Colleague: 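Once you've had a glance at the structure underneath, I'll fire off some questions.
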Amino acid sequence: MGYSEHANEFTWFGHMWSHQQPHLYENISLLEADMLLNKKFAIEHGIPTDSGYSVSPHHSGVYPVHEALYEMWKKLWNIHVTSTEEYPHLRPARLRRGFIHRGIMVLPRQNCGLYTHTIFIDKYPGGRSTLDSSIKGGELFQTIVFNRIHFVSGVRHSDE
């Protein structure tokens, strides 16, 4: 059974080819060309591309706003929603806020400092004591306590 048989079970979103950072593009035509490479891949493999959601690599161009990114999101992907960790500042996470720019809702992305690439406790950045501090009253604890969470279409979003 090939991977393309399951393509319709996934949704591709308007990211950048090779995880490029869109704010580094001064030429909108080059930005569009790289975004089209990403979209072409999904279409060639039968992966749906109409989710209306995208996340920019490294949150690049979402805030501070890179106008070309928003223009290409609308033109190529019909994006309505994105998220960022950056607005109005990175830390503390509980103070992040959403905004709307060019008709695209920017949700405040919440994280808890746990990452899928951290498999072993001794490899956690800062070690076990840092993780324990985060759990016992630190950032992870505060993220859970101070952020209301609701479910929309099976996707969790903070409503702050």
Side-chain angles (χ1 to χ4, degrees), residues 2-118 125-126 134 139-140 142-144 146-160:
Y3 65 87
S4 60
E5 294 175 39
H6 298 285
N8 63 342
E9 297 175 32
F10 296 89
T11 299
W12 198 262
F13 61 86
H15 212 50
M16 294 291 298
W17 189 253
S18 296
H19 212 61
Q20 296 291 342
Q21 295 181 19
H23 82 278
L24 298 177
Y25 289 79
E26 293 181 22
N27 181 321
I28 196 166
S29 298
L30 294 175
L31 176 64
E32 181 175 14
D34 274 1
M35 281 190 169
L36 283 171
L37 285 172
N38 189 1
K39 189 167 190 171
K40 182 181 174 189
F41 176 89
I43 291 168
E44 286 175 354
H45 291 87
I47 304 170
T49 62
D50 59 353
S51 71
Y53 177 76
S54 184
V55 175
S56 182
H58 314 280
H59 303 280
S60 163
V62 178
Y63 182 81
V65 166
H66 182 56
E67 291 294 340
L69 172 64
Y70 284 81
E71 185 176 332
M72 287 299 102
W73 268 348
K74 279 294 191 184
K75 179 180 177 181
L76 299 178
W77 297 94
N78 196 27
I79 298 301
H80 302 286
V81 180
T82 188
S83 62
T84 189
E85 299 175 339
E86 310 273 327
Y87 181 75
H89 41 70
L90 186 58
R91 294 215 180 343
R94 71 180 184 280
L95 297 180
R96 296 180 190 150
R97 298 292 178 256
F99 63 96
I100 298 173
H101 183 73
R102 295 184 77 154
I104 296 175
M105 294 179 285
V106 180
L107 301 175
R109 183 172 242 196
Q110 298 299 313
N111 57 34
C112 61
L114 298 175
Y115 304 99
T116 56
H117 61 79
T118 307
S134 182
E139 187 173 2
L140 176 56
Q142 291 178 27
T143 297
I144 293 168
F146 294 117
N147 287 291
R148 291 183 304 244
I149 298 173
H150 65 275
F151 291 87
V152 178
S153 302
V155 177
R156 282 195 292 178
H157 298 281
S158 168
D159 55 4
E160 294 213 5

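These figures come from a predicted structure and were not determined experimentally.
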Colleague: Is the number of heavy atoms from other residues, nucleotides or ligands under 6.0 Å of E26 CD greater than 12?
Modeller: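 At most 12 heavy atoms, drawn from other residues, nucleotides or ligands, come within 6.0 Å of this atom.
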Colleague: Could you report the tightest heavy-atom contact between P57 and P22, atom names first, then the distance?
Modeller: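 The pair with the smallest heavy-atom distance is CD-CD, 4.1 Å.
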Colleague: Would you please name every residue forming a side-chain hydrogen bond (donor to acceptor under 3.5 Å, both in side chains) with H66, sequence neighbours left out?
Modeller: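 If we apply the side-chain hydrogen bond (donor to acceptor under 3.5 Å, both in side chains) test to H66, skipping adjacent residues, there are no hits.
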Colleague: Main chain of L140, side chain of S134: is a donor-acceptor contact present, judged purely on distance under 3.5 Å?
Modeller: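 Indeed, once roles are kept as given, a pair shorter than 3.5 Å links the two residues.
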Colleague: Does some side-chain heavy atom of S83 sit less than 4.5 Å from a side-chain heavy atom of Y53?
Modeller: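 Yes, close enough: below the 4.5 Å cut-off.
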Colleague: Distance from M35 atom CE to L69 atom CG, nearest 0.5 Å?
Modeller: 5.0 Å
Colleague: Go through the structure and list residues passing side chain to side chain contact (heavy atoms under 4.5 Å, CB included) with N27, not counting sequence neighbours.
Modeller: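 Once residues adjacent in sequence are excluded, the partners of N27 under the side chain to side chain contact (heavy atoms under 4.5 Å, CB included) criterion are S29, L30.
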Colleague: Within the structure provided, determine whether T82 and W73 are in side-chain contact (heavy-atom separation under 4.5 Å).
Modeller: yes
Colleague: Kindly assign one of parallel, tilted or perpendicular to the pair Y63 and F99, based on the angle between their ring planes and the thresholds 30° and 60°.
Modeller: perpendicular
Colleague: Does any part of the side chain of Y70, heavy atoms only, come nearer than 4.5 Å to the side chain of V62, both counted from C-beta?
Modeller: yes
Colleague: Indicate yes or no: at least one non-hydrogen side-chain atom of E85 is less than 4.5 angstrom from one of R96.
Modeller: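 The answer is yes, as the side chains (C-beta and beyond) meet within the 4.5 Å cut-off.
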Colleague: Under 4.5 Å between any side-chain heavy atoms of I100 and M105, yes or no?
Modeller: yes
Colleague: Got a second to check how far H19's NE2 is from S56's OG, nearest 0.5 Å?
Modeller: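 Result: 8.5 Å between the selected atoms.
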Colleague: Sort and list the pairs that fulfil salt bridge (charged side-chain N to carboxylate O under 4.0 Å, His left out) and have at least one residue in residues 61-79, not counting sequence neighbours.
Modeller: E32-K75, E67-R102
Colleague: Distance from I47 atom CD1 to F41 atom CZ, nearest 0.5 Å?
Modeller: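 Taking CD1 in I47 and CZ in F41, the distance rounds to 5.5 Å.
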